Structures are given as C-alpha cells and as structure tokens.
Visitor: 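Handing you this structure, nothing more for now.
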Amino acid sequence: MDDLLARLRSGLPSEALLTDPDVMASYANDMASFCAAGAPVAVVLPRTVEHVQHVMRTATALRVPVVPQGARTGLSGAANASDGCVVLSLTKMDRILEINPVDRIAVVEPGVVNATLSRAVGELGLYYPPDPSSWEMCTIGGNIGTASGGLCCVKYGVTAEYVLGLDVVLADGRLLTTGRRTAKGVAGYDLTRLFVGSEGSLGIVVKAVLALRPKPPRSLVVAAEFGSAADACDAVCRIMERGHTPSLLELMDRTTVRAVNAMANMGLPDTTEALLLAAFDTPDPAPDLAAVGDLCAAAGATEVVPAEDPAESELLLEARRLALPALETVRSATMIDDVCVPRTRLGAMLDGTAAIADKHGLTIGVCAHAGDGNTHPVVCFDPADPDESRRARTSFDEIMALGLELGGTITGEHGVGVLKKEWLSRELGPVGLELQRGIKRTFDPLGLLNPGKLF
C-alpha cells in the first residue's frame, strides 16, 4: 500500500488524495440496500484528465482495482467500493466546457450536476431532457454510467439518446475519444453507446458531448383517479394506442397515494386505488388534455381534474414527487425495484406486485413511469428485523422474476451493479453473457475497473 500511495502522490495534488479511514468510509457505498461494500485504500478526487490517467496507469502497474463514482445517488450498488480498491470520485471535474446553441450540444465534465446543466442550457432557450428524480444531486457521469432515465422518458427518451460522444480514460491510462459533435454520424462501431450504461466497468468517462433540444413550453397536467389499478393501466394503453405523446405519464398505486396523503395531507380520497398524471408541453396542450381526460373516463376514472395553468400543474405533480419520500416514512428502510415491462403488461405487473406484498406480509408501494412501462415497486421494511429483511429481499427477487415473465427487463434506468448481477445472467442468457464478458476483457483485460459489478 505504501508503494501505491507514494506513486499516487507523485502525480496528484495533496488535496486530491484522501487516506483518512473515517473520510474514506463515506465514499464506500451508494444508496442501495442489501449491497456489500468494501474498504478502499485510497480515495482520489481528480480535477483533470491527466489526474485520471495517472491513477489508471498506477493501478494497472500495481494491479489495484479502481471503482469510479459520481454523487453516489445510485440504487444498485454500482458505486460501492471493494476491499483494497482506489475509489475515483469524479465530482470535482465539474465544468461545463461549452454550450453551443447552433449545434445544440453541451460539452461537460463528468462531475457536472444534472440540475446545474439543465438550468444553464435553459437560460439559452435549450433543454437537456434526462431528469432522474435525484437530478438536484446526481452527476452527468453517473447518469451516463447507469444509463439513467426519469419522468420525461415517455416523450424524450433516456440518457443514452443524448450522449453523442465521449472522452474515456481506459484501464491502462490511454485516452479514447468516441462519437461525434455532429447531428449525424455512423462511422464504425458505436462505442459511445457501449460505454453508456457500462457502470464504469469499461473505462472512466472524463468528458461528454450531449445533445440538446429547444426548450419546450411549460407543461399542463391532467390528474385522473381510479377505483382500480387495472383501470388506470387500461387508460395508459388507450392513451398510447390513440397516438398521444405526453411529456409525462405517471402512475401511483393505492399504497403510494395513502402514504403521500399521510405525509403531506394532499386531500386525495381514501377510495383512490390509483392516480394517473399526464402532462403535455406542446404550444396548445388543451386538446390533448381533453382527449386524455375522456380516455381516462372511458377506462373507468372516478374523477378527472385538468389543470388550468402551470402553477396548478405543479400542485398536481407534487404528489408524484412526494411518492418516494412518503414511502420512506412507512418503515425505516426501503428497497426500490426498477422493473420495466411492455405497456400492455403494466396491469399484470401491478397486480402481481400486490400479490407478492400480500404473500410476504409487506408494504410495497408502486410508482411508475407508466408511459414507458417502467415500474418502481418500493419494498418497505425494518432492517433491524431479520425475518422482515429476509422477506423484503425475497419479495424484491420475486418482483424481478415477475417482470421477466411478463416480457420485461430487470432494470429500466437504475442499472445492475451488485444488487441485480445474479439476475442479469438470467436475462441475457449464456450466449449474451459470454459476449458481454468478452467485451469487458477487451477493454479491461486485468479486470481492474469496478470489479464485482454487472457479472
């Protein structure tokens, strides 16, 4: 270890290298439950590409694993330290290098916070759509590593669709540039997309070229209350089948609605079994709002409440924003699942999750990006109760199995990390897993980058 620290110090400023055990412990894990974390031997906070290259060259020479991190807001254990590793926290590389309104791109370092970028481009009439719920804290590098999504995916898509090019430091310290700055480009294999969602297992992103869009008008929202989750899911199918393109289409089940009511006194009726929120950000959203309201009524909505202005829309959306904080008050800990299914199977997913909750005697609330089928079942449990913790983990796995049975995927936006790596092999199958491991060996032959994650 002395040799490692000496070599690291030779190419880093003193403030960039942390070795105090108590300080390093704060970098050991992200926000996921049931994910083991080890003890790093050093934490490095680089400020330049050269710092990152120095760390990787040193790690390769001494065969030391490296775990890259962003803001550690992830929910899969992908940023958890392993014993004896160097944690590479990229939060200090936080410059917005360029915003180009003509080419509609932004060039940023990985430590830029999502909300900071969104506000900066918004001042120029531009829009960076990906908006994870942790957007006030999470970093662009972390978003790229986990291929994160958010509330607006039903219309605007996920992070991968906005990453045009990357600068990546490879395991041996070489700098690779992928992709482009142009609106179009099909030269060679798409290595950029390969790095998006790779959870730091193939290289360290040190710069990103991101696509921007014109800033849309403020959205208007319609809220619909339903007497059953099945009716709400039927409404989702009707909305999408009729060709509507909402900027947001979110669903909360009975458990979530009641948790929000208890926490914030939102005034939602106790008879509400599901709440559906649809938003449109077109220049004239009124026709879409009216049409969606009619479709919700036809699907069995007990009440439809359209907003009259953006301020009222914000009030309606507040319930959705409070979903996770409210469920966190139900028990002392939560596990947030991230199963995505075809829209046509959304009702079966919610019904199946409710059955799993009953089977294990647990509270499981579901909030969902219903427009793209991405459900977030939230398992509420007491970690001090071993039996309840066991049942929580079992239910979490059963929810993932249900998602696969319904033709879905184990993760729509949170990533695999430690939490779901056993399930990744089931989803990929033996041939897919063999090829992915081969790609990993090509980029990281010594297996030093984020070991123990994905597979």
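Hydrogens, waters and symmetry mates are skipped; everything else that's a heavy atom, side chains included, is used. This is a predicted model, so every value here is computed, not measured.
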Visitor: Enter the distance from Ser118:OG to Leu212:CG here, rounded to the nearest 0.5 Å.
Guide: 9.5 Å
Visitor: Would you find a donor on one side and an acceptor on the other, under 3.5 Å apart, between the side chain of Ser247 and the backbone of Ala279?
Guide: yes
Visitor: Show the nearest heavy-atom pair for residues His414 and Ile336, with the distance to one decimal.
Guide: CE1-CG2, 3.9 Å
Visitor: For Ser395 and Ile364: C-alpha separation, side-chain torsions, deciding distance, then whether side-chain contact (heavy atoms from CB on, under 4.5 Å) applies.
Guide: CA-CA 9 Å; Ser395 69; Ile364 303 178; 4.1 Å; yes
Visitor: Would Glu199 and Thr146 count as having a side-chain donor-acceptor pair, cut-off 3.5 Å?
Guide: no
Visitor: Would you check if Val366 and Thr255 make a side-chain contact, meaning some heavy-atom pair closer than 4.5 Å?
Guide: no
Visitor: So, applying side-chain hydrogen bond (donor to acceptor under 3.5 Å, both in side chains) with Glu109, which one of Arg47, Arg95, Lys207 is it?
Guide: Arg95
Visitor: Could you check whether atom NZ of Lys215 has more than 12 heavy atoms from other residues, nucleotides or ligands sitting under 6.0 Å from it?
Guide: no
Visitor: Could you tell me if the side chain of Leu8 sits less than 4.5 Å from the side chain of Leu17, heavy atoms only?
Guide: yes
Visitor: Just do the side-chain contact (heavy atoms from CB on, under 4.5 Å) check on Phe455 and Lys421 with the steps written out, would you?
Guide: CA-CA 5 Å; Phe455 30 68; Lys421 67 177 187 176; 5.6 Å; no
Visitor: Restricting to non-hydrogen atoms, name the atom on Ile439 and the atom on Leu202 that form the minimum distance, rounded to 0.1 Å.
Guide: O-CD2, 4.2 Å
Visitor: Just to verify, which of Asp281, Asp131, Thr245 counts as forming a side-chain hydrogen bond (donor to acceptor under 3.5 Å, both in side chains) with Tyr156?
Guide: Asp281
Visitor: Around Lys92, counting heavy atoms of other residues, nucleotides and ligands shown, do more than 12 lie under 6.0 Å from its NZ?
Guide: no
Visitor: Provide the closest heavy-atom pair for Arg343 versus Ala370 in the form atom of the first, atom of the second, distance.
Guide: CG-O, 4.3 Å
Visitor: Checking the side chain of Asp103 only, and the main-chain atoms of Ile105 only, is there a donor and an acceptor separated by less than 3.5 Å?
Guide: no
Visitor: Between Asp253 and Thr256, is a side chain to side chain donor-acceptor pair (under 3.5 Å) present by the stated rule, with each step listed?
Guide: CA-CA 5 Å; Asp253 74 347; Thr256 307; 2.7 Å; yes
Visitor: On the six-membered ring of Trp135, is Arg119 placed so that its NZ or CZ lies under 6.0 angstrom from the centre and within 45° of the ring axis?
Guide: yes
Visitor: Is there a donor-acceptor contact under 3.5 Å from the side chain of Asn29 to the main chain of Cys35?
Guide: no
Visitor: May I ask you to establish whether Arg213 and Tyr128 are in a cation-pi arrangement, using a distance under 6.0 Å from NZ or CZ to the six-membered ring centre and at most 45° from the ring axis?
Guide: no
Visitor: Run the salt bridge (Lys or Arg N to Asp or Glu O under 4.0 Å) test on Arg181 and Glu98 for me, step by step, so that the C-alpha distance in whole Å, both residues' side-chain angles and the decisive distance to 0.1 Å come before the verdict.
Guide: CA-CA 12 Å; Arg181 293 170 57 99; Glu98 179 186 354; 2.8 Å; yes
Visitor: Kindly indicate whether the side chain of Leu276, heavy atoms from C-beta on, has any atom under 4.5 Å from the side chain of Val236.
Guide: yes
Visitor: Are Thr73 and Asp30 packed together at the side-chain level, in the sense that at least one heavy-atom pair is separated by less than 4.5 angstrom?
Guide: no
Visitor: So, are Arg321 and Glu314 salt-bridged, with charged N and O less than 4.0 Å apart?
Guide: yes
Visitor: Rounded to the nearest 0.5 Å, how far does OG of Ser332 lie from CG of Asp382?
Guide: 4.0 Å
Visitor: I'd like to know if the side chain of Thr139 reaches the main chain of Gly142, judged simply by a donor and an acceptor atom lying under 3.5 Å from each other, with no hydrogens or angles considered.
Guide: yes
Visitor: Would one find more than 12 heavy atoms of other residues, nucleotides or ligands at under 6.0 Å from atom CD of Glu434?
Guide: no
Visitor: Compare every heavy atom of Cys233 with every heavy atom of Leu251, then report the nearest pair and how far apart it is.
Guide: CD1-SG, 4.2 Å
Visitor: Show your reasoning for whether side chain to side chain donor-acceptor pair (under 3.5 Å) applies to Asp338 and Thr411.
Guide: CA-CA 5 Å; Asp338 170 40; Thr411 175; 2.4 Å; yes
Visitor: Evaluate Asn114 against Asn143 for side chain to side chain donor-acceptor pair (under 3.5 Å), listing each step before the verdict.
Guide: CA-CA 8 Å; Asn114 186 297; Asn143 294 168; 2.9 Å; yes
Visitor: Are any side-chain N or O atoms of Arg180 and backbone N or O atoms of Thr182, one a donor and one an acceptor, separated by less than 3.5 Å?
Guide: yes
Visitor: What distance do Trp423 atom CH2 and Leu428 atom CG have between them, rounded to the nearest 0.5 Å?
Guide: 13.5 Å
Visitor: Do the side chains of Leu406 and Leu402 get nearer than 4.5 Å, heavy atoms only?
Guide: yes
Visitor: Can you tell me if Arg104 uses its side chain to pair, donor with acceptor, with the backbone of Pro214 under 3.5 Å?
Guide: no
Visitor: Say whether, by atom type as modelled, one donor and one acceptor occur between the side chain of Thr442 and the main chain of Gly438 under 3.5 angstrom.
Guide: yes
Visitor: Does the side chain of Glu413 come under 3.5 Å of the side chain of His369 through a donor N or O and an acceptor N or O?
Guide: yes
Visitor: Does a side-chain heavy-atom distance below 4.5 Å link Met400 with Lys420?
Guide: yes
Visitor: Is a side-chain donor-acceptor pair under 3.5 Å present for Asp167 with Thr177?
Guide: yes
Visitor: Taking all atoms of both residues into account, what is the closest heavy-atom pair of Ser33 and Thr334, and its distance?
Guide: OG-O, 3.0 Å
Visitor: If you look at every heavy atom in Ser313 and Ser219, which pair is closest and at what distance?
Guide: OG-O, 3.6 Å
Visitor: Do Phe396 and Phe381 have ring centres separated by under 6.0 Å?
Guide: no
Visitor: Please indicate whether Arg426 has more than 12 foreign heavy atoms, meaning atoms of other residues, nucleotides or ligands, lying under 6.0 Å from its CZ.
Guide: yes
Visitor: Starting at CG of Leu170, measure out to CG of Leu175 and round the result to the nearest 0.5 Å.
Guide: 8.0 Å
Visitor: Decide side-chain contact (heavy atoms from CB on, under 4.5 Å) for His51 and Met93; before the verdict, give the C-alpha distance in whole Å, the side-chain angles of both, and the deciding distance to 0.1 Å.
Guide: CA-CA 10 Å; His51 291 165; Met93 295 181 68; over 6 Å; no
Visitor: Distance check, rounded to the nearest 0.5 Å: Cys153 atom SG versus Leu248 atom CG?
Guide: 10.0 Å
Visitor: Contact between Leu12 and His54 at the side-chain level, heavy atoms closer than 4.5 Å - yes or no?
Guide: yes
Visitor: Is a side-chain N or O of Thr116 found less than 3.5 angstrom from the main chain of Val112, in a donor-acceptor match?
Guide: no
Visitor: Looking at side-chain heavy atoms only, is the closest gap between Ile144 and Val163 below 4.5 Å?
Guide: yes
Visitor: When you measure from the side chain of Gln69 to the backbone of Leu88, do you find a donor-acceptor pair of N or O atoms at a distance under 3.5 Å?
Guide: no
Visitor: Give, for atom CG of Leu419 and atom CZ of Arg393, the distance between the pair rounded to the nearest 0.5 Å.
Guide: 5.0 Å
Visitor: Using modelled atom types and a 3.5 Å cut-off, is there a donor and acceptor pairing between side-chain atoms of Thr60 and backbone atoms of Arg57?
Guide: no
Visitor: Would Tyr162 and Tyr127 count as a ring-ring contact (aromatic ring centres under 6.0 Å, His included) here? Give the steps.
Guide: CA-CA 11 Å; Tyr162 295 89; Tyr127 179 43; 8.3 Å; no
Visitor: Take Leu194 and Thr192, measure what side-chain contact (heavy atoms from CB on, under 4.5 Å) needs, and give me the verdict at the end.
Guide: CA-CA 5 Å; Leu194 187 59; Thr192 303; over 6 Å; no
